[in-house]
Amino acid sequence: MNRRQMIRRGLDAVMLILLMLLMTYELIGEATHEIVGIAMLVCVIAHQALNWRWYRNLTKGRFSAVRALQTAVNLALLVDLTMQFVSGVILSRHALAFLPIHGGRFGARSFHVVGAYWGMALMSIHLGLHGHMIGQMLRKGKPRKRSAMPIRAGALLAAAYGAYAMVKRQVIDYMVLRIPFVFFDFDEPLVFFMLDYAAIIVLFAVIGYGAMRAARAADARRTSHNDRRN
């Protein structure tokens, strides 16, 4: 792994931790939430800068199933993050309170709630699209078959609990704005809350990984079909 790749992986790890903290909302305090949000913005900008070639080549070449999937997820995530940062600036009462922004808080809060949960889902799916690279890192120096089974089993178990946690935490209701305000149990230990959301992130990452495998299989079938025709 070269230096650029190490920076990317380190940045991805930091963003994952920041995502977990952001989902705690008021459990860590409004001021802390805003500071973490600004830190996430800085990381997102750095992530875009490290991947500028992707934007440069966006309209070039043929769109395979894999490329179409990656592009759709990336662009949806970019729109969601933009909505999050704009609504976050409007809602800020601490870190950005000096900005001359008045009104629009009710609408911004609704956008922020919806964007937060869709952003978590899209970031997790984006992570899952690169699951093969994560697997390679975890298996480094170990036999492939022997090391892959525990990783897959652990991911599937965590994803199964994540599905339960989604229902328990009413995540779908927040994603479709059936519930416009997020409710928290301030008596609950923060670690339990974060473990539930970690499992939900794994669930969406597994969905992303599965979607990528399906896209790769579709591309392989298309290539095989074209080879037979030729």
Side-chain angles (χ1 to χ4, degrees), residues 4 6-56 58 73-127 169-171 173-198 200-201 204:
R4 188 182 185 87
M6 289 180 64
I7 293 174
R8 284 182 175 178
R9 299 299 168 261
L11 184 60
D12 290 344
V14 170
M15 291 174 68
L16 184 59
I17 293 170
L18 292 177
L19 173 63
M20 290 287 299
L21 291 173
L22 284 172
M23 297 312 297
T24 63
Y25 293 108
E26 295 180 7
L27 293 178
I28 59 173
E30 283 188 358
T32 303
H33 179 78
E34 292 180 16
I35 292 171
V36 174
I38 293 172
M40 177 65 90
L41 173 60
V42 172
C43 289
V44 167
I45 293 173
H47 183 80
Q48 306 309 310
L50 287 170
N51 293 279
W52 64 272
R53 290 188 181 88
W54 184 82
Y55 291 98
R56 186 185 65 181
L58 188 57
V73 172
N74 290 348
L75 293 180
L77 181 55
L78 185 62
V79 170
D80 181 272
L81 289 173
T82 300
M83 180 175 73
Q84 280 298 91
F85 294 134
V86 171
S87 59
V89 169
I90 295 173
L91 291 170
S92 178
R93 295 180 178 177
H94 304 278
L96 303 176
F98 60 89
L99 294 176
I101 299 175
H102 306 284
R105 286 184 173 273
F106 182 79
R109 184 173 296 279
S110 297
F111 276 113
H112 206 66
V113 170
V114 172
Y117 286 91
W118 278 105
M120 176 186 67
L122 289 168
M123 288 184 72
S124 304
I125 291 171
H126 176 81
L127 180 66
R169 301 289 178 178
Q170 300 178 291
V171 170
D173 291 331
Y174 295 133
M175 293 177 80
V176 299
L177 207 61
R178 189 176 295 138
I179 301 177
F181 297 98
V182 182
F183 297 97
F184 296 98
D185 180 2
F186 289 94
D187 294 325
E188 178 187 27
L190 182 61
V191 64
F192 293 160
F193 181 93
M194 296 189 73
L195 285 174
D196 276 4
Y197 273 83
I200 294 171
I201 288 172
F204 282 111

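Residues Ile201 and Met20 meet the side-chain proximity criterion, which asks for heavy atoms closer than 4.5 Å. Within the 4.5 Å cutoff, the side chain of Val114 has no heavy atoms near those of the Met175 side chain. Counting heavy atoms from C-beta outward, Leu127 and Phe204 have side chains that stay 4.5 Å or more apart. Proximity of Gln48 to Ile45: side-chain heavy atoms (C-beta onward) are nowhere separated by under 4.5 Å. Using a 4.5 Å heavy-atom cutoff, the side chains of Tyr197 and Leu19 are not in contact. Residues Glu34 and Leu96 form no side-chain contact, since every pair of their non-hydrogen atoms from C-beta on lies 4.5 Å or further apart. With a 4.5 Å cut-off on side-chain heavy atoms, Ser92 and Leu99 do not count as touching. Proximity of Val113 to Pro180: side-chain heavy atoms (C-beta onward) are nowhere separated by under 4.5 Å.
Other residues, nucleotides and ligands place more than 12 heavy atoms under 6.0 Å from the OH atom of Tyr174. The environment of Phe106 atom CZ is sparse: at most 12 non-hydrogen atoms of other residues, nucleotides or ligands sit within 6.0 angstrom. Heavy-atom contacts from other residues, nucleotides or ligands closer than 6.0 Å to CZ of Phe186 number more than 12.
Across all non-hydrogen atoms, the minimal contact from Cys43 to Val14 is SG-CG1, 3.9 Å.
Going from atom CG of Asn74 over to atom CG of Leu58 covers 9.0 Å, rounded to the nearest 0.5 Å. Rounding to the nearest 0.5 Å places CZ of Phe85 at 10.0 Å from CD1 of Ile38. Here the CZ atom belonging to Arg93 is positioned 5.5 Å from the CD atom belonging to Glu30, to the nearest 0.5 angstrom. Here the straight-line distance linking atom CG of Leu41 with atom OG1 of Thr82 works out to 9.5 Å at 0.5 Å rounding. To the nearest 0.5 Å, the span separating CE on Met40 from CE on Met15 amounts to 5.5 Å. Taken from CG in Leu18 to CG in Leu11, the straight-line distance is 9.0 Å, to the nearest 0.5 Å.
When the side-chain contact (heavy atoms from CB on, under 4.5 Å) test is applied to Leu77, the partners found at least two apart in sequence or on another chain are Leu81, Leu122, Met123, His126. Under the salt bridge (Lys or Arg N to Asp or Glu O under 4.0 Å) criterion, Arg53 pairs with no residue, sequence neighbours left out. Partners of Glu188 according to the salt bridge (Lys or Arg N to Asp or Glu O under 4.0 Å) rule, which considers only residues two or more places apart in sequence or in another chain, are Arg169. Remark: Ala108 pairs with Ser87, Ile90, Leu91 by the side-chain contact (heavy atoms from CB on, under 4.5 Å) rule, at least two apart or across chains. For Ile7, the side-chain contact (heavy atoms from CB on, under 4.5 Å) partners are Arg3, Leu50, not counting sequence neighbours.
Counting only residues at least two apart or on different chains, the ring-ring contact (aromatic ring centres under 6.0 Å, His included) pairs with a member in residues 23-54 are Tyr25-His33, Tyr25-Phe184.
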Stepwise side-chain contact (heavy atoms from CB on, under 4.5 Å) check, Phe111 with Gln84: CA-CA 7 Å; Phe111 276 113; Gln84 280 298 91; 5.9 Å; no
Applying side-chain contact (heavy atoms from CB on, under 4.5 Å), run through Phe193 and Asp185 and close with a yes or a no. CA-CA 9 Å; Phe193 181 93; Asp185 180 2; over 6 Å; no
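In this structure, Thr32 contributes its side chain and Ile28 its backbone to a donor-acceptor pair below 3.5 Å. With hydrogens and angles ignored, the 3.5 Å screen pairs no side-chain donor or acceptor of Trp118 with any backbone N or O of Asp80.
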